[in-house]
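Notes to accompany the following structure.
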Amino acid sequence: MVLPLVNLCAKEVVSDHSSSPGWLGCVPRELYRPLLEAAFTNCRPLAVGELVQRWPERTLRAGGRRQGQSPPNRLCVQALLLAVVRGLSDKRCALQVLDLCGLQCEEGGVGDPMGGWSLTVALSTMVVQARTAAQKALGREGERERKRVLAMERERDVVKRERGGGLEEGEGGGLLVESVRKEKEETSGCLREDQQVKGVRRRMEMERRKESAAVAAVAGGKGEADSEVDSEVVVCVRADLFVNARSWERVRAALGTAGPLKLQCRYVRVEELSVSSIGSLLDLLPRHVLLGVDIRYSCLGVAGLALLLPQLSMFPMLSSLRLHYCNLDIRRDMAGQEGAMKDMSQGLGKLSQLRRLSLTALRLPGHLRMLLSSFPQPLEVLELPYLSLTPADLSYLSCSPHASSLQQLDLSENRLDELALPSVRRLLSQASSCLMQLSLSGCGLTDGLLAAMLPSLSCCRGLKSLGLALNPLSLAGLLDLVRTAVRMPSLRQLLYPNPLEDYQPGLPPMPSSAQLLDWPLDELVEVHEATSLQLDRVVMESGRSDLLLTCDLLNYNKDLVEQ
């Protein structure tokens, strides 16, 4: 990759920190962004801090990495957050919106990046510290004003004593008292103005927010305007938050109190929190910013989820809901279970903007119609792994309004047999014009079942990613799969299963996905090389250099395929 000249120059400039006093005072505002990108790329936290502290634009976006771009180093992210706080008192800084959405990555990655939990804790700490510093500064200003007033009173008393008190009731005394009073009022007024408006940037921002509040009130959104427009807010910080039991108190403190920094959340991921804590968190989040909620490893139950859904319906932009291992556990013998299930279905139907629904291991066999039929609009992304789907569930899905709108579908670890095969083929036919990602890993697909499904798969002309790992295919069945894949011009990535011939002896005739995952592969290198050579030969003969074949479950990522 050839870097533009400006990027090469920016790299050289930020590489020597001792030269920063020379160029920081004269660099044009157009070069701040490439300089900051160079500082992130080359891990120059001191340069990051100096650039952000005097950032010349209203908005700074540090998240949303491009494909192939490594995440910022942890030290650089920490330097950025510290510089934002310092910039609150720096008149050269014009920052009003800090966008860190998409910045975090998995903990412990290459280059010591900052993970989601660490970033959430750091952001919450930054917001609380900025509020504390503002309160201390306000207290110091108040103490200085009190001392000034006391000094003025003492001076007035001295003048009175020198004049023997005669002028107190006369004209001269009245003028003196009046001048002291006016001076005190002017001083207090200037102090209040200095505290509320520091520089031209603060004054313009406050005027803009007042205008926005007036417009929102006229449009009928006065309550929302009151919550969003805060005269104390200097910088709005947008980020994706990761909240669990260890970070909950800090996040609540950051979201629940006013200050110069306002924390806004685009996507929130919640782990191992109670229903009441999740509800309290939702109450603290700004209404018009949240796009997605991801709840994991929390024992909600059907009744608990039914309680949360009305709160979720208060977020008008919410488009994604993910529930992973939340233990809904539908059992007909429990009193009130069916009623709670209906409440949950009605609650889902009120999420008018929802386009993505992910339900993982929720034990909901036979209830797919009740869950999905309540949505007022078709879903575009549907993930249903480990849901124990029945043939009736798949039959409904294939005929539902969602089938012709699905762009991503995940049916992994749902057993597909001869009874379910017609519904799956009909589903693929309905989604053939829009489906881009499909996962059927661990579905028990044998050579015969896959052969019957391949014609329907080949009709999905927009399919870019296909996952079929942990299915009991022979080498012959795998070769048929690859021959079909190379004839699909849009397909870019295929996650294929290891053929049964590659495993050590002893596998049962119809192994499950768990057995295929745990059973050791044959240690002979020749066996694996023979399989790889045959697959590579099929790909080479087709001329498809743009198709990636992999059996690596750990490094497989369907989201790497460009949409």
Stepwise side chain to side chain contact (heavy atoms under 4.5 Å, CB included) check, Asp99 with Leu60: CA-CA 6 Å; Asp99 192 342; Leu60 170 58; over 6 Å; no
Steps toward salt bridge (Lys or Arg N to Asp or Glu O under 4.0 Å) verdict (Asp417, Arg415): CA-CA 6 Å; Asp417 53 17; Arg415 193 81 178 175; over 6 Å; no
Residue pair Trp55, Arg33: steps toward the side chain to side chain contact (heavy atoms under 4.5 Å, CB included) verdict: CA-CA 9 Å; Trp55 191 252; Arg33 193 169 297 277; 3.7 Å; yes
Leu357 and Leu372: CA distance, side-chain angles, deciding distance, side chain to side chain contact (heavy atoms under 4.5 Å, CB included) verdict: CA-CA 10 Å; Leu357 179 64; Leu372 301 185; 3.7 Å; yes
Working for side chain to side chain contact (heavy atoms under 4.5 Å, CB included), residues Ser15 and Arg44: CA-CA 7 Å; Ser15 62; Arg44 294 291 185 265; 4.3 Å; yes
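In this structure, OG in Ser512 is found 8.5 Å from CD in Glu413, a value given to the nearest 0.5 Å. Rounded to the nearest 0.5 angstrom, Ser298 OG and Arg296 CZ are separated by 11.0 Å. Put simply, CG on Leu495 and CG on Leu438 are 11.5 Å apart, with the number rounded to the nearest 0.5 Å. To the nearest 0.5 Å, atoms CD1 (Ile295) and CD (Glu271) are separated by 11.5 Å. In this structure, CG on Leu479 lies 8.5 Å from OG on Ser474, to the nearest 0.5 angstrom. Between Leu481 atom CG and Leu457 atom CG the span is 8.0 Å, to the nearest 0.5 Å.
Using a 4.5 Å cut-off on side-chain heavy atoms (C-beta onward), Tyr396 and Ser373 make contact. The side-chain heavy atoms of Val27 and Val13, taken from C-beta on, include no pair separated by under 4.5 Å. For the pair Val237 and Leu123, the minimum side-chain heavy-atom distance is below 4.5 Å. Looking at Leu36 and Val48, their side chains come closer than 4.5 Å, going by heavy atoms from C-beta outward. Put simply, the side chain of Asp240 reaches to within 4.5 Å of the side chain of Cys101, judged on heavy atoms. Under the 4.5 Å side-chain criterion, counting only non-hydrogen atoms from C-beta, Arg492 is in contact with Asp546. Thr446 places a side-chain heavy atom less than 4.5 Å from the side chain of Pro472. The shortest side-chain heavy-atom distance between Gln430 and Leu406 does not fall under the 4.5 Å cut-off.
At distances below 3.5 Å, at least one donor-acceptor pair connects side-chain atoms of Asn414 with backbone N or O atoms of Leu387. In this structure, the side chain of Glu501 engages the main chain of Leu475 through a donor-acceptor pair within 3.5 Å. With hydrogens and angles disregarded, no donor-acceptor distance shorter than 3.5 Å links the side chain of Glu380 to the backbone of Gln408. A donor-acceptor pair under 3.5 Å is absent between the side-chain atoms of Asp536 and the main chain of Val539, judged by distance alone. With Ser374 contributing its side chain and Leu348 its backbone, the two residues share no donor-acceptor pair below 3.5 Å. Here the side chain of Ser429 pairs no donor or acceptor atom with the backbone of Arg426 at under 3.5 angstrom. Checked by atom type and distance alone, the side chain of Thr41 pairs as donor or acceptor with a backbone atom of Glu37 at under 3.5 Å. Side chain of Ser441 to backbone of Ala469: a donor-acceptor contact under 3.5 angstrom is found. Side-chain N or O atoms of Arg246 include none that pairs as donor or acceptor with a backbone N or O of Val243 at under 3.5 Å.
Side-chain atoms of Ser358 and Glu383 include a donor-acceptor pair closer than 3.5 Å. For the residue pair Ser439 and Ser412, a side-chain donor N or O sits within less than 3.5 Å of a side-chain acceptor on the partner.
Annotation for Leu494 and Val482: closest pair CD2-CG2, 4.4 Å, computed over non-hydrogen atoms. Residue Gln353 comes nearest to Pro316 through the heavy atom pair CG-O, 3.0 Å, listed as atom of the first residue, atom of the second, then distance. The minimum heavy-atom distance linking Leu379 with His402 is given by the pair N-ND1, 3.0 Å. Closest approach of Phe242 and Thr120 over heavy atoms only: N-OG1, 2.8 Å. Contact record, Leu440 with Asn471: O-ND2, 3.1 Å, taken as the closest heavy-atom pair. What you find for Pro455 and Ala451 is that their closest heavy atoms are CD-O, 3.3 Å.
Ring-plane geometry between Tyr297 and Tyr325 is classed as parallel, the angle between the planes falling under 30 degrees on a 0 to 90 degree scale with a further cut at 60.
Among the candidates Leu394, Thr390, Asp393, the single residue satisfying the side chain to side chain contact (heavy atoms under 4.5 Å, CB included) test with Leu368 is Asp393.
Summarising the local packing, CZ of Arg266 is surrounded by more than 12 heavy atoms from other residues, nucleotides or ligands at distances under 6.0 Å. More than 12 heavy atoms of other shown residues, nucleotides or ligands fall within 6.0 angstrom of atom CZ in Arg544. Residue-environment remark: OH (Tyr267) exceeds the threshold of 12 foreign heavy atoms within 6.0 Å.
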